[in-house]
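Worksheet for the structure shown next.
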Amino acid sequence: MKIEQVLQTKFGFNHFREGQREIIEDLLAGNHVLAVLPTGTGKSLCYQLPAYFMKRPVLIVSPLLSLMEDQVQQLKANGEKNVIALNSFLREEEKKEALRHLAAYRFIYASPEILQNAYVIQALQSANVGLFVVDEAHCISQWGHDFRLDYLHLGDVWQSLGKPICLALTGTATNEVLEDIKHYLQLKDAHEHLYSMNRPNIAMNVEYVEGVKEKKEKLLAYVKHLQNPGIIYCSSRALTEELTVYLKENGIENVQYYHGGMESSERMLIQQQFLENQLDVICCTSAFGMGVNKRNVRFVIHFQPPPQLESYVQEIGRSGRDGEDSIAILLYHEGDDELAYSLLEMELPSSDIVFYCLSTLRTNKQAMSLKKVEDHFLFTIGIQETHWRFLRYYLQKEGVIVGDTVYPSLVQESLHEKIVDAVKERLQNKYRKYTAMKQFIHTHECRRQLLMRYFEEEGLSEKINCCDQCGISLDDYKKRENLKKKRIFKDWESELRILLRQGEE
DNA sequence: CGTCAAGCTCTTAGGAGCTTGACGGTGCTCTAAT
């Protein structure tokens with residue numbers, strides 16, 4: 001059977017999108033592939049289609065539970081029964097059962113964390129995985145160093161599975177991020193399929209304001225006049241709630257907030273409402289967006305600058321996926337830098353915490369269970385979980401933690417310095433990235449040109465409405481009230497047709 | 001940086017007005033034996 005036939009019969013498409021065929025053919029030829037494909041659309045096909053040519057299961061490493069569940073549901077809706085997501089949603093019995101019969105699945109989704117368990121790896125080994133996929137592979141670089149360090153172990157996982165064909169997929173990546181991906185996956189000979197990050201239909205605008213009051217006024221004016229739907233990104237949870245109230249008080253009706261502190265059921269509901277056009281505006285933290293595939297988002301407003309240009313590009317890239325014009329607006333005030341810096345610093349343990357943990361460990365002579373040490377640091381002392389994970393990664397690297405056992409006697413004097421140096425290096429990296437963000441904000445040249453240079457790409461968009469430096473006609477993005485009002489009720493049949501067409505999105 | 005709560009001072013008894021310090025975001029997993 002040819003790949004076109006499978007595309008038609010299994011997925012119902014007549015032709016491939018840009019890049020898909022090349023990637024699939026490369027994988028089927030037995031090559032490792034590193035692929036950067038802009039926008040979320042059509043990436044999953046790159047591993048889902050080859051699965052039908054393989055006798056062995058495909059393992060997909062996915063960063064979010066919601067993303068895994070989405071994909072599983074989609075595949076099931078497509079008639080594929082042999083799909084499983086290995087995560088904490090499974091009850092113990094279900095998990096055991098699944099692990100016993102892993103080889104029977106065509107698609108196995110898993111988080112990087114669950115892949116740290118020896119028994120999971122054993123089960124995967126006997127399932128004989130044929131394709132190892134890292135979805136949203138930029139997470140290796142963006143989260144792996146300090147937030148979710150298990151991402152850095154994926155190379156070991158791949159190796160312990162006997163190095164099956166590997167596919168690393170992402171939407172945006174600088175060369176530095178690509179290098180990180182290759183390094184931590186231990187991928188030496190991957191074929192690269194890189195497509196431009198540039199999205200010519202997204203205009204970019206940066207506006208300077210004097211303070212928060214002015215920011216809110218500008219925000220309100222934009223939300224009032226711009227075409228819906230839109231996303232507003234903020235750097236704090238409280239602010240997403242505050243802005244939602246503010247917008248509602250000022251006549252914007254369908255607004256909701258979304259952040260990581262909410263119940264997951266509530267988050268799911270709001271995301272669903274947004275996808276189904278029941279909300280005009282969503283005020284959110286960076287928690288919102290990954291895996292949200294909505295085609296008709298018309299604006300993205302940043303109430304604060306994100307910590308790096310990679311995040312900025314990902315976030316504004318959630319608009320205009322239908323190819324129609326959309327606009328990205330960044331509201332900036334000098335004070336924003338301080339908040340950004342303190343958020344960066346929060347990510348890593350201070351020298352004091354490193355010193356405290358290591359000296360506490362050293363008071364013990366005997367080996368201890370990891371669980372006990374972990375409980376002590378997290379619950380008795382109250383060290384932040386991410387900080388502990390950072391320390392744990394280095395303790396593992398130095399051989400102080402092996403498996404589930406901690407050997408305090410192996411804590412060397414020099415380890416403190418080593419870890420503190422690692423913290424410093426990470427911080428410097430983060431400062432450097434925020435500096436690039438500031439350069440983007442303060443530049444006097446074309447913003448698109450600067451972005452493309454940052455991503456080490458050639459070429460430039462000559463489109464009108466490129467960025468505020470080149471000139472934007474804001475009127476092009478305004479609500480078209482007149483058009484809406486002119487459309488009058490004709491008959492039920494045509495009303496229904498319009499409704500159904502909206503439903504297709 | 002902006003916000004908010006706690007604590008202090010002043011002046012005169014409960015409240016106003018000030019300073020100080022903390023905080024701010026992203027997610028996975030819990031198989032541990034008694």
Side-chain angles (χ1 to χ4, degrees), chain A residues 61-69 85-93 95-96 99 109-123 136 138-139 141-154 209-216 233-243 257-262 264 267 283-291 302-308 310-311 314-315 332-348 368-375 378-379 384-389 392-393 403-405 430 434:
Chain A
V61 182
S62 173
L64 302 180
L65 297 174
S66 60
L67 220 56
M68 287 186 226
E69 297 301 315
L86 291 180
N87 58 39
S88 56
F89 288 165
L90 291 179
R91 274 166 295 157
E92 199 180 318
E93 274 312 305
K95 202 200 253 177
K96 274 183 184 163
L99 288 176
Y109 287 85
S111 66
E113 283 81 6
I114 213 163
L115 294 174
Q116 299 311 302
N117 295 316
Y119 64 91
V120 174
I121 295 295
Q122 273 166 24
E136 308 286 356
H138 62 276
C139 292
S141 180
Q142 210 166 313
W143 283 350
H145 294 290
D146 34 55
F147 180 50
R148 292 175 70 182
L149 289 109
D150 290 329
Y151 259 106
L152 300 190
H153 288 130
L154 287 181
V209 296
E210 286 303 324
V212 175
K213 194 164 164 272
E214 196 189 338
K215 240 191 212 187
K216 285 170 98 169
Y233 276 107
C234 308
S235 313
S236 98
R237 293 172 177 181
L239 194 59
T240 64
E241 301 188 14
E242 189 192 320
L243 290 181
Y257 58 87
Y258 181 106
H259 57 67
M262 295 157 65
S264 68
R267 286 173 60 167
C283 282
C284 55
T285 61
S286 56
F288 184 79
M290 218 191 313
H302 280 92
F303 203 75
Q304 273 118 359
Q308 49 183 42
E310 286 93 320
S311 312
Q314 277 158 21
E315 287 163 3
Y332 176 77
H333 161 230
E334 278 182 6
D336 293 336
D337 297 340
E338 286 292 330
L339 173 57
Y341 285 127
S342 55
L343 284 175
L344 295 186
E345 281 156 19
M346 261 167 54
E347 288 182 71
L348 292 148
M368 296 178 286
S369 86
L370 178 59
K371 175 95 179 115
K372 216 172 154 186
V373 172
E374 208 152 57
D375 280 355
L378 293 181
F379 304 118
Q384 269 193 35
E385 197 191 340
T386 47
H387 293 173
W388 162 245
R389 285 184 168 245
R392 197 181 71 178
Y393 175 80
D404 294 330
T405 315
K430 286 172 194 296
Y434 189 71

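Atom set for the values below is all heavy atoms of this structure, side chains included, hydrogens, waters and symmetry mates excluded. Letters A, B, ... are given to chains in the order of the sequence lines, protein chains preceding strands, and every chain is numbered from 1.
Comparing A:Val212 and A:Gln384 against DNA chain B, the residue whose closest nucleotide sits nearer the 5' end is A:Val212.
A:Glu345 places its CD atom 12 Å from the C1' atom of B:dG24, with the value rounded to the nearest Å.
Phosphate proximity of B:dC28 to A:Ser88: absent, as no side-chain N or O sits under 4.0 Å from OP1 or OP2. In this model, the phosphate group of B:dT29 is not approached by any side-chain N or O of A:Arg392 to a distance below 4.0 Å at OP1 or OP2. Close to B:dC23, at under 4.0 Å from its OP1 or OP2, lies no side-chain N or O of A:Arg237.
One P atom belongs to B:dG25, the other to B:dC4, and the distance between them is 14 Å to the nearest Å. Atom P of B:dC30 sits at a distance of 30 Å from the matching atom of B:dC23, rounded to the whole Å.
Using a 90° window around 0 for the glycosidic torsion, B:dC30 falls inside it and is classed as syn.
Proximity note for A:Arg148 (side chain, C-beta onward) versus B:dG2, B:dC28, B:dG24: the nearest is B:dC28. Out of B:dC28, B:dC1, B:dG24, the shortest distance to the side chain of A:Leu339 is found at B:dG24.
Between A:Ser235 and A:Gln304, the shortest heavy-atom distance links the atoms N-OE1, 2.7 Å.
Ring stacking is absent between A:Trp143 and B:dT26, as the pair misses the limits of under 5.5 Å between centres and under 30 degrees between planes.
From A:Glu347, atom CD reaches atom NZ of A:Lys430 across 3.5 Å, with rounding to the nearest 0.5 Å.
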Protein N or O to nucleotides 31-34 of chain B N or O, pairs below 3.5 Å:
unit_1 : atom_1 : unit_2  : atom_2 : d
B:dT31 : N3     : A:Glu92 : OE2    : 3.4

task: Please lay out, stage by stage, how A:Glu241 and A:His259 fare under the test side-chain hydrogen bond (donor to acceptor under 3.5 Å, both in side chains).
output: CA-CA 9 Å; A:Glu241 301 188 14; A:His259 57 67; 2.7 Å; yes
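Annotation: A:Tyr341 is in aromatic contact with A:Tyr434 [ring centroid separation under 6.0 Å]. Note: A:His153 and A:Tyr151 fail the aromatic proximity criterion, with ring centroids not under 6.0 Å apart.
Between the side chain of A:Glu347 and the base of B:dG25, a donor-acceptor pair under 3.5 Å is found.
Heavy atoms of A:Met346 sit under 4.0 angstrom from at least one base atom. Residue contacts shown for A:Leu65 are limited to sugar-phosphate atoms, with no base heavy atom under 4.0 Å away.
Using a 4.5 Å heavy-atom cutoff, the side chains of A:Gln314 and A:Met290 are not in contact.
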